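Predicted model, so just to flag it, every value in this text is computed and none were measured.
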Amino acid sequence: MNKLYKLINNIVTGGLSGGFESEQLRKTIIINLFSVVGITFMVFYGVKTILQFDVFYAIIVFSCAFMTSIAFFYLRVTKNFIATGYFLVIMLTALLHFFLINGGEENTAFLWFYVYPVISLFILGLKRGVFFIVILLTSTLFLFYTDPDFMVDYGINLKSRFISTFIAVSAIAIIFEVVRKKTYNALIETNDKKTYYLNKVMDQQKEIVTQSEKLKNANKELEQHRNQLESLVKERTKELEIAKEKAEESDRLKSAFLANMSHEIRTPMNAIIGFSNLLIDPEVEDSLKGEMAIHITQNTNSLLKLIEDIISISKIESGQLKAKINKVDIHKILKDVFEDFEDLKESLKESSAKLILDNELNETVLELNTDEEHLKNILTNLLNNAFKFTERGEIHCGYKLFDTFRDPHIQFYVKDTGIGLTEEQQTRIFNRFTKAEISRKKLYRGAGLGLSICKNLVEKLGGRIWVESDLNIGAAFYFNIPYNTSEIYENEISHTKKKNNNYYWDKKSILIADDELSNYRHLNIALSKTGAKLYHARNGLEAVELVENNKIDLILMYIKMPIMNGLEAARKIKSMGKNIPIIAQTAFTLEYDEKKSLNSGCDAFLSKPIRKTQLLAILDSYLT
């Protein structure tokens, strides 16, 4: 409670100290109170007007709230209450003119005017406040008299009541300010006299105190200062030792992280560059090139996974990771993850472990309100770890439904028969950059980020994660997520459909807009067997011209291009009235970039690197 009081006092006073007789402190308190109340009020009305679909009105109110916030922080930094007061009163004057012209909420603009006299007088004082009141009244009378077309129509009765009431409120506010100022000056004068006489009494009391008492008190103070100094030295020494330990630990973690990142990046890069050079070497047998391509793909996926983990942990630390809660089918997610790992069996040759789904997925369908991508990422990371540390045996994946009255939740698990974890490792395995290095005979790849990401994602979904393990026997990872407003239905939702591998669009034409030749060639080769006719544009302007002069059925639009970027080209093509699906492709992967692309007219969003199966599936959904 004491901390809350200090926080509120700090906000209201702007960090200033002293008595209320200080004009700077008094004006600062008034301005800060007006700013806090004004921001709250304007944000409330801004949200209210958005809900009423009056976006322009809301923008004006939110802008004023934003400028009030700037004034609040400007005053806190500069302590210049005069400039801040002028800014707020001028901004409020402009806002009241806007409300007067637009009628306010249901033609009640005049209600906003009644707070103006009080605020201007309290913030600027009597003379300056009256000056601004006269300005507002004069401009209002002018607008009422000229009655321009752009202003909301007010009746003569409403105008008369408005002007007379405003003048009355202003008069009352002026009288109140005059009385307040005189009363305040009288109180200050009385307080000065009281302080003067109290000081005289204190001086007399000091003269009564004997010299010996002064020496005694001085000795006591010296003893107290000495004790405090010793205590302070001990405290500071302890703090320095802790800071030193933290700095050494941070330096150790940084060095270990950089060394590990160097290893984890250079290892797949070495394979990618090495096998890429061997692919074009004429002396290498053709029978080996298929194996080389598999190694390149495996190491590329490993490098991409590392980059995605680093981006994910950066999003988590910066608070940019959000959860998109939607109704999802848990069985479909498990089946998708299972099929993905079935497809990757060839790349997991080091592990002969068998993946088993414990739940029967064909009998019931389980719906749950959660984030589908986060849940898939958690399961994928746990399964990747299980395969990494399990050379043989079985890996079980499934869930249990705990539909209790107080805490309904679903408990997912991934169990393996791998190397397991020690008790000490179990306590720190979810920390960043922590790896389970149990065996010196084998080096396990990884940046030590996967389980940390899992922990943050689970907590983002409102659950918790833990591990149970025995060394050399195996490990079981569990995580709970709330069972939010979910029900079990019998056979209502269809499961994952079979993948289509026979894509053929001989009567379709596809435009690939990309300024990078290698990117175009990648898409060109990937689509070479589909029968579709392909066009190539090197910038957005060429893409628009090709659409104008040819029959195009679908566009793959790269966002960052010269002359005219992809977003601008998409807007122009959509404005032409051609209902052509546009799929944005970009190396930017943040949620903001996807929204920006969709708002510009694109129908779908593909982030690089683009996989062939993903590309063909999304093209098929639009072309067929």
* Between Ile39 and Phe66, is a side-chain contact (heavy atoms from CB on, under 4.5 Å) present by the stated rule, with each step listed? -> CA-CA 8 Å; Ile39 292 169; Phe66 177 70; over 6 Å; no
* Asked: At what distance, to the nearest 0.5 angstrom, does CD of Gln228 lie from CD of Glu235?
  -> 11.5 Å
* Asked: Does the side chain of Thr140 reach to within under 4.5 Å of the side chain of Ile163, using non-hydrogen atoms?
  -> yes
* Taking C-beta and beyond as the side chain, do Leu88 and Ile119 meet within less than 4.5 Å on heavy atoms? -> no
* Asked: Side chain of Ser575, backbone of Lys572: donor and acceptor closer than 3.5 Å?
  -> yes
* Between the main-chain N or O of Arg538 and the side-chain N or O of Glu542, is there a donor-acceptor pair closer than 3.5 Å? -> yes
* Find out whether Phe605 and Ser597 are in side-chain contact, i.e. whether some heavy atom of one side chain is under 4.5 Å from a heavy atom of the other. => yes
* Asked: Passes side-chain contact (heavy atoms from CB on, under 4.5 Å), Asp514 versus Gln585? Steps please.
  -> CA-CA 9 Å; Asp514 200 318; Gln585 46 165 336; 4.0 Å; yes
* Nearest 0.5 Å, what's the CG-CG distance between Asn456 and Leu451? -> 11.5 Å
* Non-hydrogen side-chain atoms of Leu567 and Lys596 separated by less than 4.5 Å -> yes
* **Reported CZ-to-CD distance for the pair Arg236 and Glu241, which is rounded to 0.5 angstrom** => 14.0 Å
* Would you indicate whether Arg571, at its atom CZ, is surrounded by more than 12 heavy atoms from other residues, nucleotides or ligands within a distance under 6.0 Å? => yes
* Proximity of Phe144 and Phe162 rings by center, below 6.0 Å -> yes
* Might you point out which heavy atoms bring Leu137 and Phe166 nearest each other, and give the distance in Å? => CD1-CD2, 3.7 Å
* **Stepwise side-chain contact (heavy atoms from CB on, under 4.5 Å) test for Val328 and Thr370** => CA-CA 7 Å; Val328 300; Thr370 190; 3.6 Å; yes
* Nearest-0.5 Å distance, CG of residue Leu136 to CG of residue Leu141 -> 9.5 Å
* Asked: So, the side chain of Asn565 versus the backbone of Met561: is there a donor-acceptor pair under 3.5 Å, distance only?
  -> no
* At their closest point, which heavy atom of Ile465 faces which heavy atom of Cys454, and how far apart are they? -> CD1-CB, 4.1 Å
* **Side-chain donor or acceptor of Lys460 paired with backbone N/O of Asp371 under 3.5 Å** => no
* Nearest heavy-atom neighbours spanning Ala584 and Ile559 -> CB-CD1, 3.8 Å
* Measure the CD1-CD1 distance between Ile174 and Ile133 for me, rounded to the nearest 0.5 Å. => 5.0 Å
* To do: With rounding to the nearest 0.5 Å, note down the distance linking CG in Leu95 to CE in Met67.
  => 8.0 Å
* Quick one: are Leu368 and Ile410 in side-chain contact, heavy atoms under 4.5 Å? -> yes
* Exercise: identify the closest heavy-atom pair between Pro117 and Ala173 -> CB-CB, 3.9 Å
* Check: Ser35 side chain, Ile31 main-chain N or O, donor-acceptor pair, under 3.5 Å -> yes
* To do: Return yes if some donor-acceptor pair links the side-chain N/O of Asp147 with the main-chain N/O of Leu143 below 3.5 Å, else return no.
  => no
* Would you say Tyr74's side chain and Asn80's backbone share a donor-acceptor pair under 3.5 angstrom? -> no
* **Stepwise side-chain contact (heavy atoms from CB on, under 4.5 Å) check, His374 with Leu457** => CA-CA 6 Å; His374 286 356; Leu457 292 179; 3.8 Å; yes
* To do: List the atom of Glu367, the atom of Tyr483, and the distance in Å for their closest heavy-atom pair.
  => O-CE1, 4.1 Å
* Asked: Is the backbone of Ile582 close enough, under 3.5 Å, to the side chain of Asp603 for a donor and an acceptor to pair up by distance?
  -> yes
* **Flag side-chain contact, heavy atom, 4.5 Å: Val178 against Leu126** => yes
* **Ile90 vs Phe132 side-chain heavy atoms within contact, under 4.5 Å** => yes
* **For Pro562 against Asn539, the heavy-atom pair lying closest together** => O-CB, 3.1 Å
* More than 12 heavy atoms from other groups under 6.0 Å of CG on Asn579 -> no
* To do: Let me see the working for Glu230 and Arg226 under salt bridge (Lys or Arg N to Asp or Glu O under 4.0 Å), right down to the final yes or no.
  => CA-CA 6 Å; Glu230 289 179 354; Arg226 186 180 67 82; 2.8 Å; yes
* To do: Check whether any side-chain heavy atom of Met42 lies under 4.5 Å from a side-chain heavy atom of Thr68, and answer yes or no.
  => yes
